[in-house]
Chemist: 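Quick one: structure below, then a few questions.
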Amino acid sequence: MKKHVIFTILLLAMLLASCSSDVDFGEQYKKTIYIVGSNEMLYVREHFFGTSNDEIVISVYCASSEPITEDVRVRLKIDRHAMDSLNAKSVLIDASYIDKVMLPATNYTLQGEPYLTIQAGHQYGTLKIPFDFSGLNPDIAYVLPFTLVTNSADYEIINDLKSIVYEVKMMNLYSGNYSGSSQESASRIIGVQPELKALSVNTVRMPVHNSESDFMLLTVAPDGVTVSITPVGNAKVTDLGRSIYYPALQRFELYYDYTDTANRTISVTEVITNVNAPKTDESE
């Protein structure tokens, strides 16, 4: 009798298991919409001088357990409030924080209200906005902030992921953070960590020697090696020639005269290497 009961229970279990494999449980959770990369609100993207038809790209994702069956039209808006909110929060965390600034409307092309479409069978869509660097100040962090407004399917918009502040970081092959030494004489060598800021395809701006207020421009010739030095503003800098850039090492070797605030003229030899340069036998 007991064996018969056990056999019956096992048979029922097998039948239930075989049936459950054919059951379609449908959507396991509701569909939601959010902006990709918005988890920290600020999204920094490098853009290089010389790039043809450069674009700011905003991606919107539809989270779901099943593909959407119809196109979803998503409306966004340029939202200065999102930038203001980021600035206000960031300065509370870091007193040295410098406010982001709206990218001028003359530097991007957007016809009417910003919309994008998530096509049926896909999970994300993109909004592409052509832009350029014309007239931008390398000392200003320019941003274009967006916020989700509505979508044609009325899917829930995730509140914490509905806004993004897209920062355009101007770059070229020579820009970035560098480290090295600036030598006045055999007995005086100063460690330096300058940031080189891109101004064009082949020009960067950097501090002079150990100065915090004087700057100079480095322009790399079409040969990709020869470097010329010119002062910025009232900086008293004279190019001594012989300056060179080593592409494989991402290293500058610079020779120039500098007249400092004490009216001393110093012959400087400065050697700096990009901190993100790949390691080589020579660099180690």
Side-chain angles (χ1 to χ4, degrees), residues 31-63 71-118 123-172 175-177 195 197-200 205:
K31 292 180 171 65
T32 54
I33 300 283
Y34 64 89
I35 298 178
V36 177
S38 62
N39 53 312
E40 299 293 336
M41 188 176 283
L42 178 63
Y43 178 80
V44 181
R45 179 80 176 189
E46 294 180 349
H47 290 266
F48 283 75
F49 280 96
T51 302
S52 299
N53 303 316
D54 206 355
E55 296 174 320
I56 292 170
V57 180
I58 304 297
S59 297
V60 174
Y61 191 85
C62 177
D71 289 357
V72 177
R73 188 164 167 78
V74 179
R75 179 188 167 204
L76 302 94
K77 67 176 180 179
I78 294 178
D79 188 5
R80 186 186 183 94
H81 174 73
M83 180 194 71
D84 292 340
S85 177
L86 172 70
N87 286 338
K89 292 176 182 177
S90 298
V91 77
L92 292 176
I93 298 170
D94 179 6
S96 64
Y97 173 84
I98 299 174
D99 282 355
K100 310 298 182 185
V101 174
M102 290 287 291
L103 182 69
T106 52
N107 287 94
Y108 62 89
T109 303
L110 188 60
Q111 303 294 337
E113 289 188 298
Y115 281 90
L116 61 83
T117 299
I118 303 176
Q123 288 189 284
Y124 73 94
T126 57
L127 173 67
K128 297 181 179 181
I129 305 162
F131 87 104
D132 63 68
F133 293 127
S134 302
L136 296 183
N137 186 333
D139 294 319
I140 294 176
Y142 293 100
V143 298
L144 199 55
F146 286 91
T147 293
L148 290 171
V149 180
T150 59
N151 64 87
S152 60
D154 202 27
Y155 296 145
E156 178 184 347
I157 294 173
I158 300 178
N159 191 59
D160 291 340
L161 301 175
K162 71 177 182 179
S163 296
I164 191 169
V165 179
Y166 187 112
E167 180 177 342
V168 174
K169 187 170 184 179
M170 296 184 287
M171 300 289 290
N172 64 21
S175 57
N177 293 310
E195 180 183 5
K197 294 190 175 184
L199 298 185
S200 69
R205 192 195 67 185

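The basis for the numbers below is simple: all heavy atoms, side chains too, and nothing from hydrogens, waters or symmetry mates.
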Chemist: Could you check if a side-chain atom of Y155 sits within less than 4.5 angstrom of a side-chain atom of V74, using non-hydrogen atoms only?
Modeler: no

Chemist: Atom NZ of K100 and atom CE of M83: how far apart are they, to the nearest 0.5 Å?
Modeler: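 One gets 11.0 Å once the value is rounded to the nearest 0.5 Å.
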
Chemist: Can you tell me if I140 has over 12 outside heavy atoms packed within less than 6.0 Å of its CD1?
Modeler: yes

Chemist: Between CD1 of I78 and CD1 of I129, what distance do you get to the nearest 0.5 Å?
Modeler: 6.5 Å

Chemist: Would you say the side chain of F133 lies within less than 4.5 Å of the side chain of V168, judging by non-hydrogen atoms?
Modeler: yes

Chemist: Charged N to carboxylate O under 4.0 angstrom, D139 versus R205?
Modeler: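 A salt bridge is present here (some side-chain N lies under 4.0 Å from a carboxylate O).
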
Chemist: Return the NZ to CD distance between K31 and Q123, rounded to the nearest 0.5 Å.
Modeler: 9.5 Å

Chemist: Test side-chain contact (heavy atoms from CB on, under 4.5 Å) on L86 and Y97 and set out the steps.
Modeler: CA-CA 11 Å; L86 172 70; Y97 173 84; 4.1 Å; yes

Chemist: Do L161 and T32 make a side-chain contact, defined as non-hydrogen atoms from C-beta onward lying under 4.5 Å apart?
Modeler: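 When only atoms from C-beta onward are counted, T32 and L161 do not touch, as no gap falls below 4.5 Å.
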
Chemist: Say whether D160 and Y34, considering side chains only, have a donor N or O and an acceptor N or O under 3.5 Å apart.
Modeler: no

Chemist: Less than 6.0 angstrom from the centroid, inside 45 degrees of the normal: does R73 satisfy that with respect to the ring of Y115?
Modeler: yes

Chemist: Please examine the side chains of D79 and F146, heavy atoms only from C-beta on, and report whether any two atoms are closer than 4.5 Å.
Modeler: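 Result no, sub-4.5 Å side-chain heavy-atom pair not found.
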
Chemist: Inspect the surroundings of CZ in F48 and state if more than 12 heavy atoms from other residues, nucleotides or ligands are less than 6.0 Å away.
Modeler: yes

Chemist: Within the 4.5 Å heavy-atom criterion, are F49 and L199 side-chain neighbours or not?
Modeler: no

Chemist: So which atom in I157 and which in L148 form the shortest heavy-atom distance, rounded to 0.1 Å?
Modeler: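 Closest approach of I157 to L148, heavy atoms only: CG2-CD1, 3.8 Å.
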
Chemist: On a heavy-atom basis, which atom in S134 and which in N107 lie closest, and how many Å separate them?
Modeler: O-ND2, 2.8 Å

Chemist: Hey, which of S152, C62, S59 is the one that makes side-chain contact (heavy atoms from CB on, under 4.5 Å) with I118?
Modeler: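 Single side-chain contact (heavy atoms from CB on, under 4.5 Å) partner of I118 among S152, C62, S59: C62.
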
Chemist: With side chains defined as the heavy atoms from C-beta onward, is the minimum distance between P145 and M102 less than 4.5 Å?
Modeler: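 P145 reaches M102 side chain to side chain.
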
Chemist: Which atom pair, heavy atoms only, marks the closest approach of L42 to E167?
Modeler: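 It is CD1-OE1, 3.9 Å.
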
Chemist: Can a donor-acceptor pair be found, under 3.5 Å and without considering hydrogens, that links the side chain of N53 to the backbone of P130?
Modeler: no

Chemist: Does N137 form a side-chain contact (heavy atoms from CB on, under 4.5 Å) with V101? I'd like the steps, not just the answer.
Modeler: CA-CA 11 Å; N137 186 333; V101 174; over 6 Å; no

Chemist: For residues L103 and I56, determine if any side-chain heavy atom of one lies less than 4.5 Å from a side-chain heavy atom of the other.
Modeler: yes

Chemist: Is there a side-chain contact between S90 and D99 (heavy atoms, below 4.5 Å)?
Modeler: no

Chemist: Taking all heavy atoms of V36 and all of I164, pick out the closest pair and write down the distance.
Modeler: O-CD1, 3.6 Å

Chemist: Nearest 0.5 angstrom please: R75 CZ to N151 CG, how far?
Modeler: 12.0 Å

Chemist: Measure across M170 and P138 and return the closest heavy-atom pair with its distance rounded to 0.1 Å.
Modeler: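 The pair with the smallest heavy-atom distance is CE-CA, 3.4 Å.
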
Chemist: Atom CG of N177 and atom NZ of K197: how far apart are they, to the nearest 0.5 Å?
Modeler: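 That separation rounds to 10.0 Å.
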
Chemist: Just say parallel, tilted or perpendicular for the rings of F131 and H47, cut-offs at 30° and 60°.
Modeler: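 Plane angle over 60°, so perpendicular.
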
